[in-house]
Enquirer: 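My structure is below; once you've seen it, I'll send some questions.
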Amino acid sequence: MSGNDLGPALATDDDRVEPAAVDRQAGFDRLIAADERLEPRDWMPEGYRKTLIRQIAQHAHSEIIGMQPEGNWITRAPSLRRKAILMAKVQDEAGHGLYLYSAAETLGVDRADLLDLLHAGRQKYSSIFNYPTLTWADIGAIGWLVDGAAIVNQVPLCRCSYGPYARAMVRICKEESFHQRQGFEILHTLSHGTPEQHEMAQDAVDRWWWPSLMMFGPPDEASPHSAQSMAWGIKKHSNDELRQRFVDMTLPQAHVLGLTVPDQDLRYDEESGHWRFGPIDWAEFHAVLKGQGPCNAQRMEHRRRAHDEGAWVREAAVAYAEKQAQREASGAAA
Ligand code: FAQ
């Protein structure tokens, strides 16, 4: 597919003849219908481009804000081995943020602008990272439940219609699988340890269970973006489908852990083969989205401060890149 309608930030191909608008739309529709990938230089409707920027930016912001609740435990991890693993995991989240900002930049936006929007409260990040990590068991619960939910949500995104996002997700999902297992292993160790350790693991699961279900977004009938995103092949499944998939996958694992989830309505439906769960407190979800979660203010304050304190690193990187470019140019001229 040819053409470029993404503005001056992306290069144009002078050799190509801009097809008529109707042809461009038909070409785009054909690609989506054939479940093929769009690439940055392909023409795309403005709504598609904006939806991708919104989702990818929110996803990138979630990864970097998501470093905070776990980073909180690096100095207090119970052994050198646990500390090394946790540091590696938090570094992975930073890497995921970087792949995702890069994917967003292929759509003609600048990551500095996306960060400004986050800092101004004009772009979101996942609700889940507004809850506190009170004990070491929370690190296990984040790995098992939060990374577990992230995998269920993100594996289908590896097949999404936009190539750079799909490819970033392949690598991210591989790393998230490892994260999920390390969380499971922490909880397994605690759950089979002393009665106090078991209680700590259960308490963490009790606190993280419902917020993890909220990660999948509002119920389908209250999800304004789902229908269009699914028609465009960005989302492959609805929020409720993925939430159900997560519950079905996770409950047998809870059994192996020897832990329960805090839902009195939970029951296995033999006929459908699904676990049926109780009502989600959507008022809590909306309050968190409005900034009223237990840690929203703290997370944003920390993020803005880290950004300001890191200004010298960005300046140094730009100065270094400029110096390298100058050297290369003078080397080429010599
Ligand atoms: N939190 O119409 P929908 C991770 C917003 S990464 C906050 O259903 P959509 C890794 C939504 O943006 C976790 N806001 O929207 C990790 C929209 O607001 P807007 C992040 C939410 O986009 C692990 C409005 O509600 N993952 O965990 C949430 O079709 C451990 C209406 O919703 C991704 O971002 C929420 N939970 O579906 C890191 C995955 N849910 O923009 C560290 C990619 C909904 O109109 C440690 N994203 N909203 O103002 C997606 O799959 C989708 O964007 C959904 C939402 C499913 C999140």
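Ligands are counted one by one from 1 in listed order, and the atoms in each one are counted from 1 as well.
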Enquirer: When you check the gap from the basic side-chain N to the acidic O, do Arg82 and Glu185 get nearer than 4.0 Å?
Expert: yes
Enquirer: Are His274 and Asp269 linked by a side-chain donor-acceptor pair shorter than 3.5 Å?
Expert: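 There is no such pair (donor and acceptor under 3.5 Å, judged by atom type) between the side chains of His274 and Asp269.
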Enquirer: Check the orientation of His188 and Phe184. Use parallel for under 30°, tilted for 30 to 60°, and perpendicular for over 60°.
Expert: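 Ring orientation, 0 to 90° scale: parallel.
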Enquirer: In a simple table, one pair per line, please give the protein and ligand 1 atom names for every N or O pair closer than 3.5 Å, along with the distance.
Expert:
residue  : atom   : partner : partner atom : Å
ligand 1 : 1 (N)  : Ser127  : N            : 2.8
ligand 1 : 1 (N)  : Ser127  : OG           : 3.3
ligand 1 : 2 (O)  : Ser223  : OG           : 3.0
ligand 1 : 2 (O)  : Pro224  : N            : 3.2
ligand 1 : 2 (O)  : His225  : N            : 2.9
ligand 1 : 8 (O)  : Ser223  : OG           : 2.8
ligand 1 : 8 (O)  : Asn239  : ND2          : 2.8
ligand 1 : 12 (O) : Gln58   : OE1          : 2.7
ligand 1 : 12 (O) : Gln58   : NE2          : 3.1
ligand 1 : 18 (O) : Lys124  : NZ           : 3.2
ligand 1 : 22 (O) : Arg54   : NH1          : 3.1
ligand 1 : 22 (O) : Arg54   : NH2          : 3.2
ligand 1 : 29 (O) : Lys235  : NZ           : 2.7
ligand 1 : 36 (N) : Ser127  : OG           : 3.0
ligand 1 : 36 (N) : Met214  : O            : 3.4
ligand 1 : 36 (N) : Met215  : O            : 3.3
ligand 1 : 37 (O) : Lys235  : NZ           : 2.9
ligand 1 : 41 (O) : Arg54   : NH1          : 3.0
ligand 1 : 41 (O) : Gln58   : NE2          : 2.9
ligand 1 : 45 (O) : His225  : NE2          : 2.6
ligand 1 : 49 (O) : Lys124  : NZ           : 2.3
ligand 1 : 51 (O) : Asn153  : OD1          : 3.4
ligand 1 : 51 (O) : Asn153  : ND2          : 3.0

Enquirer: Hey, are Glu301 and Arg305 close enough for a salt bridge, meaning a charged N less than 4.0 Å from a carboxylate O?
Expert: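 A salt bridge is present here (some side-chain N lies under 4.0 Å from a carboxylate O).
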Enquirer: Scan residues 195-213 for pairs that pass salt bridge (Lys or Arg N to Asp or Glu O under 4.0 Å), counting only residues two or more places apart or in two chains.
Expert: Asp138-Arg207, Asp203-Arg207
Enquirer: In terms of the angle between their ring planes, are Phe246 and Trp209 parallel, tilted or perpendicular, with boundaries placed at 30° and 60°?
Expert: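 Taking Trp209 first and then Phe246, their aromatic rings lie parallel (interplane angle under 30°).
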